[in-house]
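Supplied in structure tokens, the structure appears directly below.
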Amino acid sequence: MAAPIGQPRVRLPAQIKAGEVIEIRTLISHIMETGQRRNQEGQIIPRDIIKSFTCTFEGQPVFSMDLHPAISANPYIAFPFKAERAGNLEMVWTNDAGEQRKLTQAVRLAE
Amino acid sequence: MARRAAFLAGAGAAALAAGLALAQAPGPAPEPHRTITSPESGRNYATPETLAIQDDDFQNPAFLWVEEGEQAWNHPAGSAGQSCASCHQDATASMRGVRARYPAYNAAKGRVVTLEQQVNICRTERMGAPELRIDSRELNAMTAFIGLQSRGMPMNVDISGPARPFFDRGEEFYNTRRGQLDMRCGSCHEDNYGRSLRADLLSQGMSNGFPTYRLKEQRVISLQFRLQGCVNDVRGEPPAMGSEEFTNLEFYLAWRAQGLPVETPSVRR
């Protein structure tokens, strides 16, 4: 059984000006079990990682990445984004079992 | 060879110092002797990369635990239908300074208790909730959340009066050689800090950053989990987490770090 994908944290700058390139920072709680470790009985602990992350802005792809077993537990992902207008960012973390954790983050522009 | 000789000489001097301390006459407990007079936080021995994670509260993965602890703080548990907040209200006010003065003597129990044990005392005696296992995710989340409220405050445990015998036992554990390697805690953390132990830099073993996110374990760990690791490393048989031995040792370690700012939740390799 796949481990639960924890509550994600997402942070944007407090003040965003139109046209500004901002850094979107995300952190999610997950064990990222590599599939190469063994338990006390010597059996392989099955691989269980977040295998992909995608971010879209109003349906338009912004950033996506594939994750691999070498990535540590609780993956921290940060990427740039040019904020031209207000809208919603949709972020999706997907694990090996195909389970997803979604988060919607509003982008608000400073006047 | 020169390095080995220096190591042995250092260990000998420390053993002599410990012997002199023990030779003092009993009476009103004298001020204990502090081998490291100006303690340095483990952050002085961490790499810049590790500190970059610690110093950014967003990037620091321990804050995932802190958030879980904050939720548990406000969430009723147990037969009494109470949460931590029912008695202690706002943790940012009521828990400020708590991490800095624990472990502390508990008069009702007649012994020194750690922060973990105090959380469990509250749970069983006031909330009607089961104890949380020492070093479990739930308990580490709670102590990380409580500890954060004291961040930056100087460690300040009270070893006077009835607490003193527990302190002395902790000191004795610290200075007792153990394991197949026949080492005391200070063999590394007093005689050889700042030197390399294989790929690691030995710190002074100060406890002001616990509970800490340990990159090796990829989770938040409690101090006593780390102590078990230390005893295992010298090929000894570690006491159980939450045992009296480790509780007294944790008390002594907190006093060793007296004055250092609480860094909970720190990040260490």
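In what follows, chains are A, B, ... by sequence order, proteins preceding strands, each numbered from 1.
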>> If I compare all heavy atoms of B/Asp57 with all of A/Arg9, which pair ends up nearest, and what's the gap?
In response: O-NH1, 3.2 Å
>> So for B/Asp56, is it side chain, backbone, both, or neither that comes closer than 4.5 Å to the heavy atoms of chain A?
In response: side chain
> Does atom CZ of A/Arg108 have more than 12 heavy-atom neighbours, drawn from other residues, nucleotides or ligands, at distances under 6.0 Å?
Replying inline: no
> Distance from B/Gln218 atom CD to A/Glu33 atom CD, nearest 0.5 Å?
Replying inline: 9.0 Å
>> Suppose a student defines contact as a heavy atom less than 4.5 Å from any heavy atom of chain B. Which residues in residues 60-79 of chain A would they list?
In response: A/Ser72, A/Ala73, A/Asn74, A/Tyr76
> Which residue, B/Arg219, B/Glu67, B/Arg137, forms the side-chain contact (heavy atoms from CB on, under 4.5 Å) with A/Ser29?
Replying inline: B/Arg137
> What residues of residues 15-27 of chain A sit under 4.5 Å from chain B when you count only heavy atoms?
Replying inline: A/Arg25, A/Thr26, A/Leu27
